[in-house]
2 protein chains.
Amino acid sequence: MWPAFLDRYSGVPLYYQIQQHLLEEIRSGSWKAGRAVPSEQEIAQRLGVSRMTARHALKSLCNLGAAYSQHGKGTFVSGLKFEKNFRQVLSFSEEMRSRGTRPQSKVLQFRQAESDNEVAEALHIGLGEKVFVLHRVRLADSSPLCVECTHIPVRLCPELQKKFKPRMSLYKCLLENYGMQIDFADEVAEASLATAEEARLLRVPKKAPVFRFTRTAYLRNGKPVEFVRSVYRGDRCKVVNRLSRRMEFSGERAKL
Amino acid sequence: MWPAFLDRYSGVPLYYQIQQHLLEEIRSGSWKAGRAVPSEQEIAQRLGVSRMTARHALKSLCNLGAAYSQHGKGTFVSGLKFEKNFRQVLSFSEEMRSRGTRPQSKVLQFRQAESDNEVAEALHIGLGEKVFVLHRVRLADSSPLCVECTHIPVRLCPELQKKFKPRMSLYKCLLENYGMQIDFADEVAEASLATAEEARLLRVPKKAPVFRFTRTAYLRNGKPVEFVRSVYRGDRCKVVNRLSRRMEFSGERAKL
DNA sequence: AAGTGGTCTAGACCACTCG
DNA sequence: GAGTGGTCTAGACCACTTG
């Protein structure tokens with residue numbers, strides 16, 4: 001069926017090479033939705049790996065959503081479209097570029113301030129603790145898309161005002177200067193109407209529909225590093241999400 | 001440190017018993033954020049299980065977001081709050097009950113129709129193929145929250161009009177009569193203003209802010225079974241999401 | 001009965017981190 | 001160098017599905 005494509009000396013994990021190979025068959029459309037993927041035993045025999053390694057490859061494939069397993073039956077190609085944009089935590093610049101539009105921003109303010117109640121709670125810091133406040137208008141292809149107000153504890157990145165240049169990506173700046181990598185974020189969206197001030201900045205009529213977001217971004221260890229309030233033009237953006245019905249991620253049964 | 005709590009004859013997987021035990025320590029607050037969780041070897045030795053089983057337990061704990069691993073350092077308690085409502089695919093009834101409010105709905109229409117372009121594409125059926133159309137106003141504590149228009153292919157559940165009673169949960173009906181269990185859904189939200197008709201049904205002023213959703217719900221194998229258009233009152237709901245920055249789920253490196 | 005995925009074992013070598 | 005997680009092996013038994 002397949003040639004032996006494994007390279008045992010490349011340093012790339014075997015299970016990952018296998019997963020990528022299977023993924024390629026699925027993405028290319030060679031294997032239709034519902035078709036059985038080779039079983040653990042078949043992979044193990046054909047490729048000369050242990051069954052646990054074959055299993056690892058299949059499980060990782062399922063975790064990607066490309067396939068699903070049924071106890072006693074087999075593992076099957078899922079009917080998902082891969083072209084879909086799965087939503088991720090992207091910085092504004094990343095998000096715009098991934099859509100093929102040119103990101104820009106105009107800094108309205110960049111100052112230190114004391115955290116208010118909402119900010120302190122979101123960032124797990126004391127009420128009144130110093131935070132940087134970065135207030136920006138964000139543009140896509142030279143036309144305003146949103147107004148953003150970012151809060152970051154001063155304690156986490158003391159020299160930020162010197163390190164950060166208006167043109168650069170804030171996330172890149174945090175990573176390169178402080179080793180802080182954003183891993184996930186919690187976001188709350190509300191449907192609302194633009195205030196007079198917002199309407200002016202966004203160049204929309206007063207009381208135009210807008211999204212009002214708050215977002216808290218975390219490191220991998222769960223520590224919050226950024227809290228953002230933003231207002232997006234309703235006519236220029238949609239919020240896309242994938243909701244899971246499973247309580248767990250990869251086949252676990254835990255109740256949280 | 002711990003007594004031997006494993007029951008090898010209960011039928012409950014060992015890794016799962018271990019995971020639950022660790023989770024309990026974390027949820028109860030006995031183990032603070034950042035604290036090292038027992039290592040794979042330590043668990044294996046103390047509980048008399050193989051290292052792979054201990055590893056499985058820790059990995060599943062990480063997949064839940066309760067901990068995170070660092071190569072060469074250890075596994076640590078994450079700083080996440082568990083009380084947070086992770087968003088799931090819930091039927092309207094489930095979602096309302098989970099918030100402690102009483103769900104109701106008023107059926108405006110329940111008929112067969114031919115799929116339009118958007119419906120056909122979302123449900124992967126032919127243009128014009130028969131679908132059930134269920135048009136409802138949804139109430140929470142006797143006050144209107146949203147207007148919903150659900151589309152389901154007739155082919156998937158031919159007798160639905162006989163099986164479904166206005167008071168029951170549609171998801172429960174699909175599960176009990178057709179064995180179809182919704183597993184996940186893709187949702188698109190827009191910020192918009194209520195039309196005159198919507199305003200009347202929702203009992204809000206004309207041009208009040210609303211969310212406009214479309215939602216496609218899928219089975220575990222990726223087959224779409226339901227497409228919903230809905231309009232929610234902006235003053236009575238928020239959209240909460242957790243965004244991931246990882247491309248993968250459980251530590252994989254695949255690019256999709 | 002045969003094939004499948006789910007769990008488990010008892011080892012092994014490696015890369016990484018830290019003192 | 002000691003401890004950690006990441007990968008891998010070659011077996012094993014089980015529960016589940018299907019013919």
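Every chain is numbered from 1, with letters handed out A, B, ... down the list of sequences.
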[N], OP1 or OP2 - any side-chain N/O from [X] closer than 4.0 Å?
X       : N     : value
A/Tyr15 : D/dC8 : no
A/Thr75 : C/dG5 : yes
A/Arg55 : C/dG6 : yes

Send over the distance from [X] [atom1] to [N] [atom2], rounded to a whole Å.
X       : N     : atom1 : atom2 : result
B/Leu61 : D/dG5 : CG    : C1'   : 15 Å
B/His56 : C/dC8 : NE2   : C1'   : 11 Å
B/Gln41 : D/dG5 : CD    : C1'   : 9 Å

- Query: With side chains defined as the heavy atoms from C-beta onward, is the minimum distance between A/Asn241 and B/Val188 less than 4.5 Å?
  - Reply: no
- Message: Using the side-chain heavy atoms of B/Ser39, tell me which of these nucleotides is nearest: C/dG5, D/dT4, D/dT7.
- Response: D/dT4
- A/Lys223/A/Tyr218 under side-chain contact (heavy atoms from CB on, under 4.5 Å): CA gap, chis, key distance, verdict: CA-CA 5 Å; A/Lys223 274 196 184 154; A/Tyr218 303 84; over 6 Å; no
- Query: Between B/Lys162 and B/Glu159, does at least one N-O distance fall below 4.0 Å, as a salt bridge requires?
  - Reply: yes
- Query: Considering residues at least two apart in sequence or located in another chain, which fulfil the ring pair (Phe, Tyr, Trp, His ring centres under 6.0 Å) criterion with A/Phe110?
  - Reply: A/Phe132, A/Phe164
- Minimum heavy-atom distance between B/Gln70 and A/Arg220, given as atom pair plus value: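 Looks like N-NH2, 4.5 Å.
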- Task: Working to the nearest 0.5 Å, report the span between OG of A/Ser30 and CD of A/Glu25.
- Result: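 The OG atom of A/Ser30 sits 5.0 Å away from the CD atom of A/Glu25.
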- Does A/Leu160 offer a backbone N or O that forms a donor-acceptor pair with the side chain of A/Tyr178 under 3.5 Å? yes
- Going by distance alone, is a donor N or O of one side chain under 3.5 Å from an acceptor N or O of the other, for A/Tyr171 and A/Glu226? yes
- Classify every nucleotide of nucleotides 9-19 of chain C by which part a protein heavy atom approaches to under 4.0 Å, writing B for the base, S for the sugar-phosphate alone and - for neither, in 5'-to-3' order. BB-B--BBSS-
- the helix from C/dA1-D/dT18 to C/dC18-D/dG1: angle between end helix axes, five pairs per end, rounded to 10 degrees: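 Taking the rotation axis at each end, their angle is 10°.
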